[in-house]
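Values in this document were obtained by computation on a predicted structure and should not be read as measured data.
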Amino acid sequence: MLRYRFGAGAGLLSLALSLPAPPAGACSICRCGDPTFNALGSNVYASGAFHLVLDWDHLSKEQGVFDPHGGHGAARLVSRHAGHGETETLVENRVTATLSYAFAERVNLVARVPYSFKTLTEGEEVTDTNGFADPDIYALVRLWSSSFGPGLGRRTWISALAGVKTPWGKNALVQDGQRVDEHAQPGTGSADVFGGLAFLHLFDERSALFASGQFRGTGSNDFAYRYGDITLANVAYERKLTGWLDAVLELNYRHAGRDRADAEGIEDPNTGGSILYLTPRVVVDLGKGLVARVGVQIPTWKGLNGEQTEKAVVNAGVTYLFSF
């Protein structure tokens with residue numbers, strides 16, 4: 001199964017090359033990892049073939065409340081160190097559909113469309129939202145590959161990725177006559193550009209190494225909010241355990257800048273920083289082109305700004321490879 005499905009770099013669980021963002025999206029609850037290779041594996045350049053992917057992610061985070069103008073919901077900083085201890089908690093369940101098509105074993109076009117369910121809790125106030133988040137459109141191009149190995153296909157390759165996160169998701173939801181908090185909006189409302197490199201090496205028929213890196217430059221939305229730029233890095237090792245079961249172990253790193261909260265350039269001190277996840281995952285070959293996977297991103301080191309707590313991220317998904 002390694003030849004057909006190397007599920008490294010998740011993060012999201014799941015493209016650091018995810019994408020990311022998504023390619024992991026730029027947001028207050030952004031993921032890290034490489035969702036493209038989590039979903040498509042080493043068979044990303046299967047010429048003339050489609051990959052249809054469905055993923056579910058569960059994420060949660062706490063952070064200090066900040067409002068740059070002293071108004072309701074977004075204009076004050078309440079610090080635990082000042083004795084207040086007021087935080088907001090965000091929980092998101094996200095379902096993402098991915099479709100990709102490869103040309104001539106060299107170029108793969110990918111589109112990802114997420115749908116988000118969020119719950120934002122601040123004190124006794126609870127806000128529930130749902131809607132389409134921002135779709136990603138991008139391309140992977142194989143820059144170099146080694147010669148074919150016996151029974152392995154191409155043993156080593158290097159790829160480049162470039163794409164855009166569109167602003168097409170919902171970012172202007174209104175409840176009780178007011179726009180809901182930025183962090184509860186399904187989409188960021190901004191157009192982001194991203195790019196990166198990925199490396200894959202097959203040691204043999206039973207094991208492989210994957211690494212990727214990506215930078216995502218974020219834009220501002222119609223409400224002058226701008227999420228911080230993101231840098232992602234991933235390293236993963238996969239080992240074939242049986243004819244139908246693989247085990248994957250990853251390190252996923254993310255560094256994000258602080259969010260800009262308004263047109264005056266005021267930054268939210270409780271956003272951005274660095275985090276490192278350890279991510280174990282299992283991959284099951286169900287036969288007939290269908291693969292299932294489940295993994296957990298476990299925070300192992302945090303250098304987050306201000307008052308932030310990020311919790312484990314759970315990812316599960318299925319990938320179907322087919323052609324006409």
I need the minimum non-hydrogen distance between [X] and [Y], along with the two atoms involved.
X    : Y    : result
N270 : G64  : ND2-O, 3.1 Å
S100 : V110 : CB-CG2, 3.8 Å
R155 : S146 : N-OG, 3.4 Å
A162 : Y138 : O-CB, 3.2 Å
E86  : E122 : OE2-OE2, 3.4 Å
A133 : P186 : CB-O, 3.2 Å

Residue pair [X] / [Y], side-chain donor-acceptor N/O under 3.5 Å:
X    : Y    : answer
Q185 : N221 : no
T218 : D229 : yes
R260 : S220 : yes
K165 : T188 : yes
N315 : D55  : yes

> side-chain contact (heavy atoms from CB on, under 4.5 Å) between E307 and E62: does it pass, once the steps are laid out?
Replying inline: CA-CA 8 Å; E307 303 291 341; E62 294 180 358; over 6 Å; no
Are the side chain of [X] and the backbone N or O of [Y] linked by a donor-acceptor pair below 3.5 Å?
X    : Y    : result
K240 : E205 : no
D128 : T119 : no
S47  : A104 : yes
R254 : L232 : no
S323 : G48  : no
D285 : V291 : no
S159 : L140 : no
T166 : P135 : yes
R258 : G272 : no

Can you tell me how far the [atom1] atom of [X] sits from the [atom2] atom of [Y], to the nearest 0.5 Å?
X    : Y    : atom1 : atom2 : result
W157 : W144 : CH2   : CH2   : 11.5 Å
T271 : H183 : OG1   : NE2   : 7.0 Å
Q297 : L59  : CD    : CG    : 8.0 Å
N130 : Y115 : CG    : OH    : 3.5 Å
D181 : L120 : CG    : CG    : 5.0 Å
E125 : E88  : CD    : CD    : 10.0 Å

>> Test of understanding: with ring-ring contact (aromatic ring centres under 6.0 Å, His included), list the residues that count as partners of H58, not counting sequence neighbours.
In response: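 None.
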>> Can you list everything that forms a ring-ring contact (aromatic ring centres under 6.0 Å, His included) with Y101? Sequence neighbours excluded, please.
In response: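 Result, ring-ring contact (aromatic ring centres under 6.0 Å, His included) vs Y101: F50, F103.
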Would [X] and [Y] show up in the same hydrophobic cluster when neighbours are defined by side-chain heavy atoms closer than 4.5 Å?
X    : Y    : value
L249 : V282 : no
V296 : W301 : no
L99  : Y320 : yes
W244 : V294 : yes
Y253 : Y277 : no

Evaluate the side-chain proximity of [Y] to [X]: yes if any heavy-atom separation is below 4.5 Å, no if none is.
X    : Y    : value
L52  : V318 : no
N171 : D222 : no
L304 : Q63  : no
T309 : P299 : no
L197 : L143 : yes
I230 : F194 : no
D259 : E182 : no
L251 : L278 : yes

>> Between Y45 and S145, does the side chain to side chain donor-acceptor pair (under 3.5 Å) criterion hold? Intermediate values first, please.
In response: CA-CA 12 Å; Y45 295 114; S145 62; over 6 Å; no
>> What verdict does the side-chain contact (heavy atoms from CB on, under 4.5 Å) test give for L90 and K118, after you've listed the backbone C-alpha separation in whole Å, the side-chain angles of each residue and the deciding distance to 0.1 Å?
In response: CA-CA 7 Å; L90 181 62; K118 288 185 176 182; 4.2 Å; yes
> Counting only heavy atoms not in W168, do more than 12 sit closer than 6.0 Å to its CH2 atom?
Replying inline: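 No.
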>> Counting only heavy atoms from other residues, nucleotides and ligands, does the tally under 6.0 Å from CZ of F322 exceed 12?
In response: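 Buried by this count: over 12 neighbours within 6.0 Å.
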>> For E264 and I266: C-alpha separation, side-chain torsions, deciding distance, then whether side-chain contact (heavy atoms from CB on, under 4.5 Å) applies.
In response: CA-CA 6 Å; E264 298 177 6; I266 297 176; 3.8 Å; yes
> Do the rings of F203 and Y237 sit parallel, tilted or perpendicular, given the 30° and 60° boundaries?
Replying inline: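 Tilted.
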> Which ILVMFWY residues are connected to V174, directly or by a chain of links, through side-chain heavy atoms under 4.5 Å apart?
Replying inline: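 Besides V174, the cluster holds no residue at all.
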>> Working note: F117 + V91, criterion side-chain contact (heavy atoms from CB on, under 4.5 Å); need CA distance, chi angles, decisive distance, verdict.
In response: CA-CA 8 Å; F117 301 84; V91 177; over 6 Å; no
